[in-house]
Amino acid sequence: MEHQADNKSIDLISLTKPYIAKWYWFILSTLIFFIIGLIYIKLSVPVYSIKSAVLIKDAKKSLNVGEGNLGVLEGLSGFGGMSTNSIENELEIFKSKKLIRDIVISKNLQTQVFVESGFKKIELFGDTCPVNIVIVNEKKNKKFPEKPFEISKDKNNWLLESEEFGYNQKIVFNKLISLPFANIIITPNQYFDKEKLGLNIDELQVNFNTTESATSQIQNSVEIDLANKDATVIDIFINSAQTDKAKTIIEALIAAYNRDAILDKNTESQKTKEFIDERISKISTELDNVETEKEDFKTINGITDIFTETKINLETAAETKKKELELNGQLELTDDLISYLQKQNNFQALPSNIGLNNNDSNNAIANYNKMILERNRLLETATPQNPLVIDITKQINVLRKAVEETLQKGKVGLQLALGEYLNEQDKLKSRIIQVPKQEKLFRNLERKQQIKENLYLLLLQKREEVAISLAVVAPKARLVEPVFISDKPISPKKIVILLASLLIGLLVPFGAIYLKELLNTKIVDKDNLKELSTIPVIGEIPSIKKNVEHLIKHNDFSPLAESFRILITNMNFMLDANKKSKVVFVTSSIKGEGKTFVSMNLALTLTTSNNVIIIGADIRNPQLQRYSENSKSKKGLTEFLYDQSCSIEDVLFKNPVDERCDIIYSGSIPPNPTELLKNGRFSLLLEKLREKYEYIIVDTAPLLLVTDTLIITKNADLNLYVTRSNYTERSLIEFANDTVGAKKIDNVAFVLNDLNNQNFGYGNKYGYGYNK
């Protein structure tokens, strides 16, 4: 269990190593993004939440006034139009373009005026704007500007400019100004409050929008929602930096909603009033004619008091006559309604509650009027081709026929009832046969007069009731929460922005390092080699800066020297201690991994206490010559392999870096290096050198590029396979594994070169030279 825990700990360290190594990235990035966050907060224009709430009243409930003096209002026509069947419908009406468009036009919201304050762009509105700009009319098929116009002050004059349209004109206040896309009027704002604005204005920017564009912008900015699913209270929100403008929009929206609701409600009442006025005018004329006939009849016949003579008989027939009068009145009302229905078009409201005692007809008329109002409301936000409008139109046509049929049936019923009462009247007339003919004629006139009077009084009463309904209409949306502005801005949210800045400051370097590690296909440290191969890693060579000596000196205690001493110690564990002379091949996969650097420094480190020679066996691309300016003119390994007469003494030289170490250079570059290495002379050379030297270091050719090293590797006691941090591809380790697995080379160990300090393993990175 402890072993597993150790592995997990090592893995965790390995995972976090790249991030810990770049700790300063995190600090710098966090600081930069924190400063950016502070700058953003400083430059951002505060946005506030402007809110109001209204209650959508249910007219049926609000008209519950009891049986007091105002009880007559319960039956007034038109109040039903203020009721709402669905609060969702009212939400859609509040959001409708029609209401917003009315606000845009009435409040001149097609223009936006801005002023720049530092790096901020502040919108001016109401008493903070020095001028009022009104779009009188838009020019047809003309494109509105994409860039703002500029209003600037030149001495005592104001100029209106636009680079987009090439426009530059002096502003004449209160006069029509013709622009390429619209006609406008600019007037000084008499309510301008410079102290409230707190800025000196020398230049303004004006955005011109079409009515539809401004409507869409405001419609998108206004949020309408239910305060509670069980209530009919609607919340109206606007989040804006310009609080005065948002407040004006909300107040105007509520007023426009109420205005439309009242107009909608008054449609039915107004139609009823027009019908009653028309009937009163007609009945008044008829009543005047009847009274004139009655006066003439009395004058001609010298009648003064007929009723006293017929009192007894009339008391018996009073009830019958009363019913007759009522039926005549109902019959005439029915005829008038039928006539009125046939005259008007299909989509006008019918008079209701005018005294007709036929419940079926009254209910049919009420349903018909309700459908008419519903259709009109739908047409405000839809076209006649809308499926809902088409459906309700069909229903209206069916109801219209039903109303007419109901009235006709009522008329037939009234005629039958009237016939019965007239028969009863005939019986009574036989009882008063002795009454003079003049009295009979007079009673006919009297009856006509009473019918007209009753109808006239009824119509007068209903006219007053309808007039009251038109005069006392209450707003449909009652304000329950006046428009108010949040105490603190909702944007920018300082804490959120600063926390986000800190988080981004941490994530950016983390992401960069993670992406770098993810895309890195090269060996970085010892752990990478252990993950990819079972070949032991016996040496880690630190990275050497360009201005630092990269060759080990005598009595050198630098990190480079210490790393090679550790390499030699580990190397000796892999060598046969019984052999007096050890041959160590230094190779790599490709050029540039540092095998010559390792070979030379390994030889220099061993020279301190051993007799050492280094051989440049990379005869295709000699590298040892770079340590001696005159080496190119000297014989080397190529000459020894080629020339049978060439002796070891002819190619043996003192190492120019340290004379205690001998060196055999690569010599001239031959045309057939493989054949030379196969001729047996190289093995002979090593056998003779083993007699004199304790360590023979051979700098060989890269394994991946040529086969030279594989030809002579049988002569090696140990093969040091050099890899380079952040240079050697991971895929090359697979090549090394395959080469060792195929037993092409034996006794192999990795040396990891060019390691930076944070990638050193164990004690290396804790410092060298403690014994200096």
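- Under a cut-off of 6.0 angstrom, the local environment of CD in Glu161 is crowded, with over 12 non-hydrogen atoms contributed by other residues, nucleotides or ligands.
- Across all their heavy atoms, Ser96 and Gln219 have their closest contact at C-NE2, 4.0 Å.
- Atom CG of Leu519 sits in a crowded spot, with more than 12 heavy atoms from other residues, nucleotides or ligands closer than 6.0 Å.
- One distance of note links OG of Ser501 with CD1 of Ile39; it measures 10.0 Å at 0.5 Å rounding.
- Put simply, the side chain of Trp25 does not reach to within 4.5 Å of the side chain of Tyr19, judged on heavy atoms.
- Using a 4.5 Å heavy-atom threshold, the side chains of Ile234 and Leu226 count as touching.
- Here the side chains of Val172 and Ile177 are not in contact, with every heavy-atom distance at 4.5 Å or above.
- The closest side-chain heavy-atom distance from Asn174 to Pro188 is below 4.5 Å.
- In this structure a side-chain-to-backbone donor-acceptor pair under 3.5 Å is present from Asn220 to Ser216.
- Residue Ala182 comes nearest to Glu138 through the heavy atom pair CB-CA, 4.1 Å, listed as atom of the first residue, atom of the second, then distance.
- Using modelled atom types, no side-chain atom of Ser117 and backbone atom of Lys120 make a donor-acceptor pair closer than 3.5 Å.
- Take Phe114 and apply the ring-ring contact (aromatic ring centres under 6.0 Å, His included) test, not counting sequence neighbours, and it matches no residue.
- Side-chain N or O atoms of Ser49 include none that pairs as donor or acceptor with a backbone N or O of Asn239 at under 3.5 Å.
- The 12-atom threshold is not exceeded at NZ of Lys142, counting heavy atoms of other residues, nucleotides or ligands nearer than 6.0 Å.
- Remark: aromatic rings of Phe149 and Phe181 are close, center separation under 6.0 Å.
- In this structure the side chain of Glu251 never reaches within 4.5 angstrom of the side chain of Ser52, judged on heavy atoms.
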Steps toward side chain to side chain contact (heavy atoms under 4.5 Å, CB included) verdict (Phe208, Leu179): CA-CA 11 Å; Phe208 290 99; Leu179 298 179; 4.1 Å; yes

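- Remark: Ile100 CD1 to Ile105 CD1 distance equals 12.0 Å, nearest 0.5 Å.
- Of all non-hydrogen atoms in Glu729 and Thr521, the two that sit nearest each other are OE1-OG1, 2.6 Å.
- Here CD1 of Ile238 is found 8.0 Å from CG of Leu253. Values are rounded to the nearest 0.5 Å.
- Glu116 has no carboxylate O lying under 4.0 Å from a charged side-chain N of Lys121, or vice versa, which leaves the two without a salt bridge.
- Considering only heavy atoms from C-beta on, Val113 stays 4.5 Å or farther from Gln205 through its side chain.
- Looking only at side-chain heavy atoms (C-beta outward), Asp754 and Tyr727 stay at 4.5 Å or farther from each other.
- Checking side-chain atoms of Asn189 against main-chain N and O of Gly126 turns up a donor-acceptor pair under 3.5 Å.
- Closest non-hydrogen pair, Ser29 versus Gly505, comes out as OG-O, 2.7 Å.
- With salt bridges taken as basic N to acidic carboxylate O contacts below 4.0 Å, one links Arg377 and Glu90.
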Per-pair distances, 0.1 Å, donor-acceptor, side chain in residues 127-137, under 3.5 Å, sequence neighbours excluded:
from	atom 1	to	atom 2	distance (Å)
Asp127	OD1	Lys196	NZ	3.1
Asp127	OD2	Lys196	NZ	3.3
Thr128	OG1	Phe125	N	3.0
Thr128	OG1	Phe125	O	2.8
Asn137	OD1	Asn183	ND2	3.2

CA sep, side-chain torsions, deciding dist, call: Leu124, Leu204, side chain to side chain contact (heavy atoms under 4.5 Å, CB included): CA-CA 9 Å; Leu124 307 181; Leu204 299 173; 3.7 Å; yes

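- Minimum heavy-atom separation, Thr393 to Arg375: OG1-NE, 3.1 Å.
- The 12-atom threshold is exceeded at CZ of Phe237, counting heavy atoms of other residues, nucleotides or ligands nearer than 6.0 Å.
- More than 12 heavy atoms of other residues, nucleotides or ligands shown are found within 6.0 angstrom of NZ on Lys97.
- Annotation for Phe484: atom CZ counts as buried by contact number, over 12 foreign heavy atoms lying within 6.0 Å.
- When atom types are taken as modelled, the side chain of Asn89 and the backbone of Glu92 share no donor-acceptor pair closer than 3.5 angstrom.
- A donor-acceptor pair shorter than 3.5 Å cannot be found between the side chains of Lys462 and Thr272.
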Check against side chain to side chain contact (heavy atoms under 4.5 Å, CB included), Ile56 and Tyr257: CA-CA 11 Å; Ile56 305 301; Tyr257 173 84; 3.7 Å; yes

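- Side-chain polar atoms of Lys522 and Ser725 form no donor-acceptor pair below 3.5 angstrom.
- Of the charged side-chain nitrogens involved, at least one lies within less than 4.0 Å of a carboxylate oxygen, so that Lys245 and Glu123 count as a salt-bridged pair.
- For Lys147, the NZ atom counts as loosely surrounded, since its 6.0 Å shell holds 12 or fewer non-hydrogen atoms of other residues, nucleotides or ligands.
- By the neighbour-count criterion of 12 heavy atoms within 6.0 Å, atom NZ of Lys493 is sparsely surrounded, having that number or fewer from other residues, nucleotides or ligands.
- Across Asn207 and Pro148, no two heavy atoms sit closer than the pair OD1-CB, 3.0 Å.
- A donor atom on one side chain and an acceptor atom on the other are not found under 3.5 Å apart for Thr211 and Arg101.
- With rounding to the nearest 0.5 angstrom, the CD1 atom of Ile236 is 6.5 Å from the CD1 atom of Ile250.
- Here NZ of Lys494 is found 10.5 Å from OG of Ser44. Values are rounded to the nearest 0.5 Å.
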CA sep, side-chain torsions, deciding dist, call: Gln112, Gln217, side chain to side chain contact (heavy atoms under 4.5 Å, CB included): CA-CA 12 Å; Gln112 294 174 289; Gln217 289 179 18; 3.9 Å; yes

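- The distance from the CD1 atom of Ile171 to the CG atom of Leu160 is 5.0 Å, given to the nearest 0.5 Å.
- Side-chain contact between Phe33 and Leu502 is absent, with no heavy-atom pair separated by less than 4.5 Å.
- For Asp102 (side chain) and Leu99 (main-chain N/O), no donor-acceptor pair under 3.5 Å exists by modelled atom type.
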